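What follows is a set of notes on a single structure, which appears directly below.
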Amino acid sequence: MREERTEMSKDDDRSPPLDLRGADIAESSSKTRNCVTGSGHVTGLNPTEFQAPYPDQVLENVLENVLQFLTSRRDRNAASLVCKSWCRVEALTRSELFIGNCYSVSPKRATARFSRVRAVAIKGRPRFADFNLMPPEWGAHFAPWVAALGSAYPWLEKVYLKRMSVTDEDLKYLAENFPSFKELVLVCCDGFGTRGLAVIAKKCRQLRVLDLIESEVAESDMDWIGEFPESGITCLESLIFDCVESPINFEALERLVIRSPSLKKLRLNRFVSIGQLYRLMVRAPQLTHLGTGSFSLAEGVAHGDQEPDYESAFAACKSLVCLSGFREITPDYLSAIYAVCANLTSLNLSYANINAEQLKTVIVHCHKLQTFWVLDSICDEGLQAAAATCKDLRELRVFPIDAREDSEGPVSEVGLQAISEGCRKLQSILYFCQHMTNAAVIAMSNNCPDLEVFRLCIMGRHRPDHVTGEPMDEGFGAIVKNCKKLTRLAVSGLLTDQAFSYIGRYGKLVRTLSVAFAGNSDLGLKYVLEGCPRLQKLEIRDSPFGDAALRSGLHHYYNMRFLWMSSCRLSPPGCREIARALPRLVVEVIRDEVGMIRAECEEHIDDAFDILYMYRSLEGPRDDAPSFVTILH
Amino acid sequence: MPPDTLSGSPESDVTSAMTFKDTELTLGIPGEPTRSPAGKFCTKRGFIETVDLNLRTSTSKPRGKAHADEVDDKSDDVVSGTCKTTASKTQVVGWPPVRSYRKKALESCKYVKVAVDGAPYLRKVDLETYNSYQELLMALEKMFTCFKIRGNYLDESKVIDPMKEMEYVPTYEDKDGDWMLVGDVPWKMFIESCKRIRLMKSSEAVGLAPRTPPRCTTTT
């Protein structure tokens, strides 16, 4: 990497002057950029060779050496604002490029500014699109990005995409144009299938990480696992494909695992039976993260037919810290994991339909657990058991096994209260339930002061505190007031404008806010837009906020990544006003199919659209908007 | 704002829509109020869900969004107003906010394995696709065509397998891990608690209480 350093100076067409790196040239280390370690080695320089440097050159060299240590992109963004020189140098030393909204900046502009990027992360669709609130084909295509990356960063090593549409052709392009390509992570993406995966497997010889997380992978007969090179050791460290909904070639997978001694993370899909899991585990006892696949017998295999010793396979994995999968669990097999529970820091049972008793047998061993995802089938009793043992818990997610408004709701305020009392270090919670009380939420706000993420989803819309009959205002109010580190909040239940008044008054660090079926009037939204200076992502659905409320955020929209409002009380003129007031904001108005038919038939359109989605952008209206998207100006 | 406190009262919408409603098909006798005290409505619910037939209404979202705050003045469609008061089967799009990937994955959770004593392999059924014990047991009979199943339901026919001269008793494992006789509890309760099914040879079922007379609830 030393060569890279001198190259940069050569670009400036000046010979390297006062060389602060001098002292460290002899030292080589595995760190990519090695430089000043404070030894102040002026004596290493020959005074007769000293050339008077240009001041900015010195500064820029110093800066390069210093700025390379900045990893946080927020720090880097701040540094780049100091002056042009700093901006230039920061751009040269940024190796990880993060694009929070793929439409906020064009691939051309991004790659022109940052010339030495080795890792790229891009996020596309807004989160509410995950819940079918938007027609598909809205956009967020990876294709224009991959082309730009190809010409700008041939040395590219890592790509992370979230909520993007990625095609098989894009994957092929990645595989064929980046010889150093090492890591591909696709989260909540779609548009590709096993064909694309096959090309990646076949052609990325340096592949270390292939992680497919909650992505939709089109099925085909393509045996992509079989496309990994058949011989030689691989450098594979992580292979996550639990979301792939088609069978895989198990024999090929087994051979792959045998040839991958560096493999640490392996998450199988539900087409891998427990018997097959066993075979893989005995080949890979070095695993740290394991997704267990179906965790039941293959169809046609009967219980008890010479079954392998699953317990010993788990016991042999001494480094296992993260367990997930259990996609079609036969609860009898749970006992196999007891041996590893004591070391687990992360346990994901959120696809396992188990009851409280079955959970207890496992959770009682999990003293070190920090992350716990589970289904509400464990009931309040199961949560109480978790609270009793998992004193180090940081993140809890309780998902509904029956995600309907009128389902039974096996967890309630009782479970929440228990967790708040037992898990004082809690930082993040996502909790689906049918019934909740202000008292329990207030208790959590007092017991868990480290909370940064509080997402409560009371599944019945407009449901009040089921004991007092009051709105849930006081509960959420207590959360924003007492949890001083809170950055992410999702509210639900019966909420009046008062709840939003609390959020505006106390939620000074809130960056992400999700609102659904809440509030009484424009005031609610006004409180938030006027009160929360750090707000970046605001998503609202089915709440009575109108144009006046929208106007009250004009001072802030440029500071936000996006605003989503669907089924609220906005009108086209109201939104147009925003678009005109803020030229760098892209104001998209999205109609569903019915909206379009209505618009054709009716002369006077009241709510002529369903969704307002607006975001700051340097590029103006995008050119790939489908017909159901109108960009206002 | 809770759906009950609208700027325009539901009554005024109803009266303005009187003439339309009078001619609208209902399931009740013409002239009867369309709303029973319990809030059930008598118009065919399927109407709401149909996309292209909602042209006249800007309030009722065909995907079932029942948020009545968006009533506009020319709402002729009482159906949208009644949406919120019907039996809760009208689901709102994207609510609760659970990704479809997860929903699908958990659905296959709801498939239960069916084992038959003596059969070499198991089958899987989705209990949600049946509405009654009768339907389920008939489907199981079709699946395992060699065997006839003795059912604890209305016709009480005890059928004997001609080949093996055996009866099979349907049993299931519930949430608590106990093995129960199929048919004792109401159907809805059964599908919520059933984890797997075993068609047990009658001879092994000795000791179970004799069949209780079936209650009418078992077939709903």
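The structure presented is a predicted model; accordingly, all values stated were derived computationally and were not measured. Throughout, protein chains are lettered first and strands after them, A, B, ... in sequence-line order, and every chain is numbered starting at 1.
- The backbone N or O of B:Gly94 sits less than 3.5 Å from a side-chain atom of A:Arg541, completing a donor-acceptor pair.
- When all heavy atoms of A:Ala403 and B:Pro96 are compared, the pair lying nearest together is O-CD, 3.4 Å.
- In this structure, the portions of A:Asp130 lying under 4.5 Å from any heavy atom of chain B include both its backbone and its side chain.
- Interface remark: A:Asp190 contributes no atoms to any contact with chain B (heavy atom separation under 4.5 Å).
- In this structure, A:Glu539 places its CD atom where more than 12 heavy-atom neighbours from other residues, nucleotides or ligands lie under 6.0 Å away.
- Separation of atoms CH2 (B:Trp95) and OG (A:Ser492) is listed at 5.5 Å; rounding is to 0.5 Å.
- Taking CZ of B:Arg102 as the start and CZ of A:Phe399 as the end, the distance is 4.0 Å to the nearest 0.5 Å.
- Nearest heavy-atom pair across A:Phe517 and B:Val92 is CZ-CG1, 4.0 Å.
- A:Cys188 places a side-chain heavy atom less than 4.5 Å from the side chain of B:Arg99.
- Contact annotation for A:Ser350: both backbone and side-chain heavy atoms come within less than 4.5 Å of a heavy atom of chain B.
- For the atom pair CG (B:Leu122) and CG (A:Leu297), the distance works out to 9.0 Å, reported to the nearest 0.5 Å.
- Heavy atoms of other residues, nucleotides or ligands lying less than 6.0 angstrom from CD of B:Glu135 number more than 12.
- In terms of heavy atoms, A:Asn132 sits closest to B:Val93 at O-CG1, 3.5 Å.
- Salt-bridge annotation for A:Asp332 and B:Arg196: present, with a side-chain N of the basic residue lying under 4.0 Å from a carboxylate O of the acidic one.
- Using a 4.5 Å cut-off on side-chain heavy atoms (C-beta onward), B:Tyr101 and A:Glu216 make no contact.
- Looking at A:Cys243, both its backbone and its side chain come within 4.5 Å of chain B, counting heavy atoms on both sides.
- Taking 4.5 Å as the limit, some side-chain heavy atom of A:Ser296 sits within range of a side-chain heavy atom of B:Lys113.
- In this structure, chain B has heavy atoms under 4.5 Å from both the backbone and the side chain of A:Pro400.
- Taking a cutoff of 4.0 Å between a charged side-chain nitrogen and a carboxylate oxygen, A:Glu328 and B:Lys124 qualify as a salt bridge.
- With a 4.5 angstrom heavy-atom cutoff, A:Ile354 does not touch chain B via any of its atoms.
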Residues B:Val98, A:Phe432; criterion side-chain contact (heavy atoms from CB on, under 4.5 Å); working and verdict: CA-CA 10 Å; B:Val98 174; A:Phe432 282 85; 3.7 Å; yes
